K.L.:
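Here it is: the structure, laid out below.
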Number of protein chains: 2
Amino acid sequence: MYIMVEGTIQSTLTLAILGLISQRPMTGYDLRKVFTTTPMWYFSNSPGAIYPALQRFENSGLIKGIVEGQDTLRPKRVYTLTEDGRQVLEQSLEQPITQDDVIRRRDDLVLRFTFMGNILGREKTLSYLKELLIQLENYIPSLQEHLDTERLAESPYDAFSIEYGIEMYQVYTRWAKHVIDQLEGN
Amino acid sequence: MYIMVEGTIQSTLTLAILGLISQRPMTGYDLRKVFTTTPMWYFSNSPGAIYPALQRFENSGLIKGIVEGQDTLRPKRVYTLTEDGRQVLEQSLEQPITQDDVIRRRDDLVLRFTFMGNILGREKTLSYLKELLIQLENYIPSLQEHLDTERLAESPYDAFSIEYGIEMYQVYTRWAKHVIDQLEGN
DNA sequence: TGAGACATGTAATCGGTTACATGATTCC
DNA sequence: GGAATCATGTAACCGATTACATGTCTCA
């Protein structure tokens, strides 16, 4: 009988939290600092989001909090990833890239890439980027089609917006190729 | 005494809904179709998101539903923007662009642009794009700085991710300039 | 001594996801 | 007759936002 690991990563924020803790043990406050002072400011630094998330992770055994300075007047809870936590994180990073990811979570895919290098290694990261490339190149033509119909309909604003989308996905593609080159160059 | 218009636009989805209804009267089903068959598939097409949103808007008087085919066995509720609704939408589109918008809602800003043309006119749309340009050009250097420190720290994956961000914002800038040129060219 | 960083939480509220539920119409 | 499309909802659940709350430590 297999023992199933309880608890999963429900959102981008929680992936970010688990990924950061995987890099080094962290307190809630450390996480908040990352989410305010680095380009990860993209995420919520709200205590109302972070502390409950840490509690949920600890309850499902993905992280373990150790109180430091218990004797002092300002103790802090330092969280470390457990074996189960590492497993869940690995599984989460290894999920195939879906159309939905490409459409609605294109930035999240970059977050996954960021953590992947250290956790799954260079080879898997390269596969991931190649998979991403395929998905991107598969998606762009469908936008292109809509651009053509929009142009015929003479909706200039709609057309500009679709152009935005196409250009975003094109640089995304270029970026992925560039990273692949760099990683293979080593 | 002023009569305050109740109800505001709480999310990107609800902005999309109100904006689409402003373009032409729509049923919930029409909205769902848009959210599945056009590049607006970016948004949720879930009935559990759309129908409650329509009810909220109607309750606060921003839209008005008229039942068509009440005598038939398959009536439908066609929603139109009210005067209040138009006011709220206009106000929402006229909000200044914040840092937070640029960081966490960069795609939403494009949605606002899309509706703006028809609702606020070309002049205001141009101002909006110029404001956007300033915000973008103001934000990019802060990413650049973090890239430099990341490179010194020799975290290649982190550095690549920041590069992604920078490139995204750079094409965004290029796109905005291009649209300004096109709109001024007319 | 007072501002600002350190440090952790709770509670109300709310929009969205997921899943369930129902029935009509059209077209092959 | 059956699949696909048209058409509209509800209910449980849940993560995040917002706001509130509390106290320490450090350094100028």
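In what follows, chains carry the letters A, B, and so on, assigned in the order in which the sequence lines appear, proteins first and then strands, with residues in each chain numbered from 1. Remember, predicted model here, so these are calculated numbers, not experimental data.
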K.L.:
A:Glu68 CD to C:dA7 P: how many Å, rounded?
P.N.:
10 Å
K.L.:
Per the salt bridge (Lys or Arg N to Asp or Glu O under 4.0 Å) rule, which among A:Arg122, A:Lys130, A:Lys177 passes with A:Glu184?
P.N.:
A:Lys130
K.L.:
Taking CD from A:Gln10 and C1' from C:dG15, how many angstroms apart are they, rounded to a whole number?
P.N.:
17 Å
K.L.:
Using five pairs at each end of the helix from C:dT1-D:dA28 to C:dC28-D:dG1 to define an axis, what is the angle between those two axes, to 10°?
P.N.:
30°
K.L.:
For B:Phe43 and B:Thr12, which heavy atoms make the closest approach, and how far apart are they?
P.N.:
CE2-CG2, 3.4 Å
K.L.:
How many whole angstroms separate atom NZ of B:Lys76 from atom P of C:dT26?
P.N.:
12 Å
K.L.:
Compare side-chain N and O positions of A:Tyr51 against OP1 and OP2 of C:dT8 and report whether any pair is under 4.0 Å apart.
P.N.:
yes
K.L.:
So, B:Arg112 side chain and B:Gln95 main chain: donor-acceptor pair closer than 3.5 Å or not?
P.N.:
yes
K.L.:
For A:Ser46 versus A:Ser44, what's the shortest heavy-atom pair and its separation?
P.N.:
N-OG, 3.1 Å
K.L.:
If the plane angle is over 60° it's perpendicular, under 30° parallel, otherwise tilted; pick one for A:Trp41 and B:Tyr139.
P.N.:
tilted
K.L.:
At under 4.0 Å between heavy atoms, which parts of nucleotides 16-22 of chain D does protein reach? Answer with one letter per nucleotide, 5' to 3': B base, S sugar-phosphate only, - none.
P.N.:
SBB----
K.L.:
Identify the two heavy atoms, one from B:Arg105 and one from B:Thr98, that lie closest to each other, and give their separation to 0.1 Å.
P.N.:
NH2-OG1, 4.3 Å
K.L.:
Just how far, in rounded Å, is P of D:dG15 from CD1 of A:Ile17?
P.N.:
12 Å
K.L.:
Write down the atom of A:Ala53, the atom of A:Thr14, and the distance for their closest heavy-atom approach.
P.N.:
CB-CG2, 4.3 Å
K.L.:
Does any N or O in the side chain of B:Ser60 come within less than 3.5 Å of the main-chain N or O of B:Leu62, such that one atom is a donor and the other an acceptor?
P.N.:
no
K.L.:
I need the CD1-P distance between B:Ile66 and D:dA7, as an integer number of Å.
P.N.:
16 Å
K.L.:
Whole-Å distance between C:dT10 C1' and A:Leu54 CG?
P.N.:
15 Å
K.L.:
Return the residues of residues 18-42 of chain A meeting this criterion: a heavy atom under 4.0 Å from some atom of DNA chain D. Order them by number, or give none.
P.N.:
none
K.L.:
OP1 or OP2 of D:dT8 less than 4.0 angstrom from a side-chain nitrogen or oxygen of B:Gln55, does that happen here?
P.N.:
no
K.L.:
Parallel under 30°, tilted from 30 to 60°, perpendicular over 60°: which one fits the rings of A:Tyr172 and A:Trp175?
P.N.:
tilted
K.L.:
Would you say the side chains of A:Thr27 and A:Asp30 form a donor-acceptor pair under 3.5 Å?
P.N.:
yes
K.L.:
Specify the separation, in whole Å, of atom CG of B:Asn59 and atom P of C:dC14.
P.N.:
13 Å
K.L.:
Is a side-chain N or O of A:Gln135 found less than 3.5 angstrom from the main chain of A:Val102, in a donor-acceptor match?
P.N.:
no
